[in-house]
Amino acid sequence: MVCVKITTAKGETVKAEGEDGASLLETAQAAGMPLEGTCEGQMACSTCHVIVAPEWFDRLLPATEDEEDMLDLAAGVQRTSRLSCQIVLDSALDGLAISIPLDSHDMRGVG
């Protein structure tokens, strides 16, 4: 299992665990986090936008041009922003720290 530390828009810290090979989006949703993921990981929206802690950002595989294009549509984008559907968990990411942007809205009614 890969442990992820998630800071909510309210400043609360939640620890989530995901299977090796699971997306960060799936893991965060399973922990009850308000990441909508409208396109179900097909990279056709930006509703799973997260901000990766700077010390973790360079450990991730680089974002594709398509992901960068979707991030252009997200609210509150920062230098370390990523789409959580595009981050695949593995043992090298154990302890990954992310935060959910203040502008994040989940129409599923979570959070």
Side-chain angles (χ1 to χ4, degrees):
M1 295 298 269
V2 179
C3 183
V4 179
K5 185 177 88 172
I6 304 168
T7 302
T8 69
K10 296 177 183 176
E12 301 164 329
T13 300
V14 175
K15 290 189 179 179
E17 287 188 339
E19 296 284 336
D20 194 56
S23 75
L24 177 57
L25 173 61
E26 295 166 335
T27 301
Q29 286 179 331
M33 295 295 96
L35 293 174
E36 190 171 333
T38 302
C39 72
E40 298 179 353
Q42 300 302 307
M43 209 168 22
C45 72
S46 59
T47 60
C48 67
H49 166 226
V50 296
I51 301 166
V52 178
E55 63 272 17
W56 283 96
F57 187 74
D58 290 333
R59 299 184 199 187
L60 301 175
L61 293 174
T64 64
E65 187 174 332
D66 288 340
E67 182 179 356
E68 293 287 348
D69 288 346
M70 284 294 106
L71 284 168
D72 286 343
L73 304 174
V77 172
Q78 297 183 17
R79 185 187 69 77
T80 61
S81 288
R82 292 294 301 269
L83 297 179
S84 61
C85 68
Q86 297 303 299
I87 298 174
V88 178
L89 300 179
D90 63 30
S91 60
L93 296 180
D94 190 42
L96 174 67
I98 64 159
S99 59
I100 298 175
L102 295 173
D103 297 328
S104 183
H105 298 285
D106 188 343
M107 299 304 283
R108 297 175 306 143
V110 176

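Along the sequence shown, residues are numbered consecutively beginning with 1.
Note that the CD1 atom of Ile98 and the CD1 atom of Ile6 stand 4.5 Å from one another [nearest 0.5 Å]. Summarising the geometry, atom OG belonging to Ser23 is positioned 10.0 Å from atom CG belonging to Leu35; distances are rounded to the nearest 0.5 Å. Taking OG1 of Thr27 as the reference point, atom CE of Met33 lies at 12.0 Å (rounded to 0.5 Å). In this structure, OG1 on Thr7 lies 10.0 Å from CD1 on Ile51, to the nearest 0.5 angstrom. The distance from the CG atom of Leu71 to the CE atom of Met43 is 9.5 Å, given to the nearest 0.5 Å. Atom NZ in Lys10 sits 12.0 Å away from atom CG in Leu102 (nearest 0.5 Å).
Pairing each heavy atom of Glu68 with each of Ala63, the nearest pair is OE2-CB, 3.5 Å. Nearest heavy-atom pair, Cys39 versus Ala44, reported as atom, atom and distance to 0.1 Å: SG-N, 3.3 Å. Pairing each heavy atom of Cys85 with each of Gly41, the nearest pair is CB-CA, 3.6 Å. Residues Pro101 and Ala75 come closest through the heavy atom pair CB-O, 4.5 Å.
Hydrophobic clustering (ILVMFWY, side-chain heavy atoms < 4.5 Å, transitive): Trp56 and Val14 are in one cluster. Taken together through direct or relayed side-chain contacts under 4.5 Å among Ile, Leu, Val, Met, Phe, Trp and Tyr, Leu96 and Val88 form parts of separate hydrophobic clusters. Val2 is connected to Phe57 through a chain of hydrophobic side-chain contacts under 4.5 Å among Ile, Leu, Val, Met, Phe, Trp and Tyr, so both are in one cluster. Residues Leu89 and Leu60 are members of one and the same hydrophobic cluster, defined by side-chain heavy-atom contacts under 4.5 angstrom among Ile, Leu, Val, Met, Phe, Trp and Tyr. Hydrophobic clustering (side-chain heavy atoms under 4.5 Å, transitive across Ile, Leu, Val, Met, Phe, Trp, Tyr) keeps Leu73 apart from Ile87.
Sorted by first and then second residue, the side-chain hydrogen bond (donor to acceptor under 3.5 Å, both in side chains) pairs with a member in residues 70-98 read His49-Ser81, Glu67-Arg82; sequence neighbours excluded.
The shortest distance between side-chain heavy atoms of Leu93 and Val4 does not fall below 4.5 Å.
Counting non-hydrogen atoms of neighbouring residues, nucleotides and ligands closer than 6.0 angstrom, the CD atom of Glu17 exceeds 12 such neighbours.
Remark: the backbone N or O of Thr47 is not paired with any side-chain donor or acceptor of Thr38 at under 3.5 angstrom.
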